[in-house]
Amino acid sequence: MKIFIIAVAVLLLIVVVLQSFTFMTTNKTEEQKYTVVRQYTDFQIRFYPIATIATINSTAKTYKELSGPGFRKLAGYIFGGNENSSKIAMTTPVHMDINEAVSSMSFVMPSGYEESTLPKPNDPNVLIKKTEPEYVAALRFGGFASDKELRLYSEKLQALLEEKGIATKGHYRFLGYNPPYQLIGRRNEIIVAVDWKEK
């Protein structure tokens with residue numbers, strides 16, 4: 001019994017150390033730049049400038065269907081699946097637009113790259129392009145994302161925006177900031193483009 005307790009304690013210590021290391025590493029990952037232009041109690045209005053992204057389109061209709069295959073294709077590109085076999089640093093967040101027409105997943109490229117300086121993907125399904133500058137509303141939540149959570153927080157953000165009389169444009173999208181093996185300090189967000197005029 002004593003050996004079992006010691007073994008469990010050692011395992012717990014290993015998990016805590018690994019999670020602490022993961023948390024610190026994630027905090028050092030480059031995050032996509034944005035400016036908070038208005039802070040409400042439960043959400044923010046942000047301005048996102050132009051960014052360069054690697055993206056894949058998909059017929060997936062759910063988070064579960066898109067997250068695994070989409071991540072593998074994009075990770076393949078940044079981990080060397082390109083014409084130069086170059087390694088490109090991971091950034092946060094991962095963008096997901098899940099809808100009934102064409103869903104997509106995107107990785108934001110590090111700020112040191114331009115569209116013209118990124119290596120060509122080996123996989124023709126990986127597209128390199130620039131985003132349009134936009135204002136979005138953003139609502140943060142913790143834990144692990146799921147289709148249920150995405151619906152719940154999209155509906156919550158929609159209700160908050162309707163209450164404030166803020167008009168939206170396009171789909172509600174998901175931003176994920178953490179690797180799947182990170183158990184603590186997880187950050188997820190629902191965003192949607194809004195019709196916003198600077199005051």
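Just so it is clear, the model here is predicted, and its values are computed rather than measured.
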Looking at P121 and V126, what are the two nearest heavy atoms and their distance? CG-O, 3.5 Å
Does any non-hydrogen side-chain atom of P69 lie less than 4.5 Å from one of I56? no
Hydrophobic cluster mates of I50, side-chain heavy atoms under 4.5 angstrom, ILVMFWY only, any path? none
Residues pairing under ring-ring contact (aromatic ring centres under 6.0 Å, His included) where one sits in residues 77-106, two or more places apart or in two chains, turn out to be none
So for atom NZ, which belongs to K33, do other residues, nucleotides or ligands contribute more than 12 heavy atoms lying within a distance under 6.0 Å? yes
I would like to know whether I78 and M109 meet side chain to side chain contact (heavy atoms under 4.5 Å, CB included); could you show each step before the answer? CA-CA 9 Å; I78 68 170; M109 296 293 97; 4.0 Å; yes
Please check if L66 and I53 belong to a single hydrophobic cluster, counting links between Ile, Leu, Val, Met, Phe, Trp and Tyr side chain heavy atoms closer than 4.5 Å. no
For T29 and T92, indicate whether the former's side chain and the latter's backbone hold a donor-acceptor pair under 3.5 Å. no
Should the pair F174 and Y63 be assigned to parallel (<30°), tilted (30 to 60°) or perpendicular (>60°) ring geometry? perpendicular
In terms of relative ring orientation, are F47 and Y135 parallel, tilted or perpendicular, with 30° and 60° separating the classes? tilted
E31 and R187, any side-chain heavy atoms less than 4.5 Å apart: yes
I need the minimum non-hydrogen distance between N188 and G143, along with the two atoms involved. ND2-O, 2.8 Å
Under 3.5 Å donor-acceptor, E155 side chain and L157 backbone: no
Grab the two heavy atoms, one from S86 and one from P119, that are nearest each other, plus how far apart they are. CB-CG, 4.2 Å
Could you give all pairs that pass the salt bridge (charged side-chain N to carboxylate O under 4.0 Å, His left out) test and reach residues 123-138, with sequence neighbours left out? K73-D123, E114-K130, E134-R173
State whether the side chain of T117 and the backbone N or O of Y113 hold a donor-acceptor pair below 3.5 Å, judged by distance alone. no
Would you say V108 ends up clustered with L127 if hydrophobic residues are merged whenever their side chains have heavy atoms under 4.5 Å apart, either directly or through other cluster members? no
Would a hydrophobic clustering, with Ile, Leu, Val, Met, Phe, Trp and Tyr connected at side-chain separations under 4.5 Å, put M105 with V102? no
Are any non-hydrogen side-chain atoms of L161 and V192 less than 4.5 angstrom apart? yes
So K164 and F43, side chain to side chain contact (heavy atoms under 4.5 Å, CB included) or not? Walk me through it. CA-CA 11 Å; K164 299 292 183 184; F43 68 97; 4.1 Å; yes
Do the side chain of T131 and the main chain of A51 share a donor and acceptor less than 3.5 angstrom apart? yes
Side-chain touch E189/P93, heavy atoms, less than 4.5 angstrom: no
With a 4.5 Å heavy-atom cut-off, do F141 and I190 have their side chains touching? yes
